[in-house]
2 protein chains.
Amino acid sequence: MPRRVDHEERRRELTAALLRIASTRGLQAASMREVAAEAGVSLRLVQYYVTDKRTLMASGLAELTARLDRRVRDRAAALGSGLPPRTVLEVVLGAILPTDDDSRADQLAWTAYYAAGLTDPANAVDGQYAPHALERWLTGVLTRAIEDGQVSSDRDPRIEVVSLLALTNGLVSSVLGQQRTVEDALAVVRYRLDRLFPAS
Amino acid sequence: MPRRVDHEERRRELTAALLRIASTRGLQAASMREVAAEAGVSLRLVQYYVTDKRTLMASGLAELTARLDRRVRDRAAALGSGLPPRTVLEVVLGAILPTDDDSRADQLAWTAYYAAGLTDPANAVDGQYAPHALERWLTGVLTRAIEDGQVSSDRDPRIEVVSLLALTNGLVSSVLGQQRTVEDALAVVRYRLDRLFPAS
DNA sequence: AACGTTGAGATACAGTCGTACCACAAAGCT
DNA sequence: AGCTTTGTGGTACGACTGTATCTCAACGTT
């Protein structure tokens, strides 16, 4: 039945299957055959559309960073512009935390990739997912909040942002490991923001 | 040459070999044969002294938590008792960060175990390494600091400690991923502590 | 109508994995 | 002295891995 087929679409399905396995059973379990079974196709087709395992893994990582980036971007865009810095920070950091099943699955897969990249330079995660862009954006937001007098001027916006991102990262870990609920994690973030933005 | 041999000692050597592999090439690469080669013995001996791979992995995790715990405990004990809460926090949090090659290797192995445990319930890390004990201890320290007036009474010691530990955890990740130096990470921790303990 | 390209199935191959098994030498015990 | 335990080597087995190959049906082009 060789109807003409959209290779890009096929690859996306296979990548999604890979990430589904990675988030549930780990990257370890993500063999070519398992990906084929998860996608409901033959092993041969995985080879055909994806050629290598390396390229499959690479597109899995690319898809993952795109998803995480999109989640933050969408959440921020949905709230329009011109909202108070404190709200921006809360929304953005909240978008990183694994709140629903999808984001939790993605964060699990991300953690697997991250750990793999620490020892195997092959599929290394360059930085955090777009860390520089996010970091610089939030630093700008916080800097403006200081200039507006909403935040004490003896705060270092750069270090505050780094600190908030690292905190959120740590909270993500503990939520994934089920030592904490997402609600508790969000409460910690809000607590930090409350101290950063004193009641006017 | 069947001289009588210390099984416990042998197991410790094999466990060390496992962790050496895990921290350099990842848990993925830690096969029985690789552990044997790293320890300079035959595959058969690894089987003999360690029987299973599961038990080898388990003792690797146990050794790792023991090391990390010991690092914190030693560092704290080396400073004697009766020192200011701010110093206690700085020393303990600093002991978690990967400062030298050994602690960096251990944290790398720990991350590998942690990631593996998220998807594979077999070798799951129960909590953080002794998270409850450490958390409760530091909370007590901070509570006393509040009672002494060194820390503002509108701070929640529980959440402050959770926040500091999650922050440190996030910093460890970024240091391992070489997005930050240990010095930068330590500076962030000190910055946070400076705000928690205002200049007297 | 003929043919080359594309999509798909099945299977083969070489390697690695954890584990099991067989053999045997050195030591301790009686 | 003889036998049982303990330590060690080598190797085999079945399962799984990524990749390569051989085959063929259905379509588009000429």
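Per chain, numbering begins at 1; letters A, B, ... match sequence-line order.
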Write down the distance between OH (A/Y49) and C1' (C/dG9), rounded to a whole number of angstrom. 13 Å
Tell me which residues in residues 9-22 of chain A put a heavy atom below 4.0 Å from DNA chain D, sorted by number, or none. none
Ignoring hydrogens and angles, state whether a donor on the side chain of A/E13 or A/Y49 is under 3.5 Å from an acceptor on the partner side chain. no
Classify every nucleotide of nucleotides 13-24 of chain D by which part a protein heavy atom approaches to under 4.0 Å, writing B for the base, S for the sugar-phosphate alone and - for neither, in 5'-to-3' order. ----BBBBB---
Taken in chain and number order and not counting sequence neighbours, the residues that satisfy side-chain hydrogen bond (donor to acceptor under 3.5 Å, both in side chains) with A/T119 are none
side-chain hydrogen bond (donor to acceptor under 3.5 Å, both in side chains) against B/Q178, all qualifying residues, sequence neighbours excluded: none
Sequence neighbours left out, what passes side-chain hydrogen bond (donor to acceptor under 3.5 Å, both in side chains) with B/T15? Give chain and number order. B/S59
Can you list every salt bridge (charged side-chain N to carboxylate O under 4.0 Å, His left out) pair that touches residues 15-25 of chain B, not counting sequence neighbours? B/R20-B/E38, B/R25-B/E34
How would you list all residue pairs meeting side chain to side chain donor-acceptor pair (under 3.5 Å) that involve residues 84-98 of chain B, not counting sequence neighbours? B/R86-B/E90, B/R86-B/D194, B/E90-B/R190
Salt bridge (charged side-chain N to carboxylate O under 4.0 Å, His left out) partners of residues 41-51 of chain A, not counting sequence neighbours, each pair once: none
Can you tell me if the side-chain N/O atoms of A/Y48 get under 4.0 Å from OP1 or OP2 in C/dG7? yes
Please state how far atom NE2 in A/H7 lies from atom C1' in C/dT6, giving the value in whole angstrom units. 7 Å
Between CG of A/L45 and P of C/dT6 the distance, given in whole Å, is 16 Å
Sequence neighbours left out, what passes ring pair (Phe, Tyr, Trp, His ring centres under 6.0 Å) with A/Y113? Give chain and number order. none
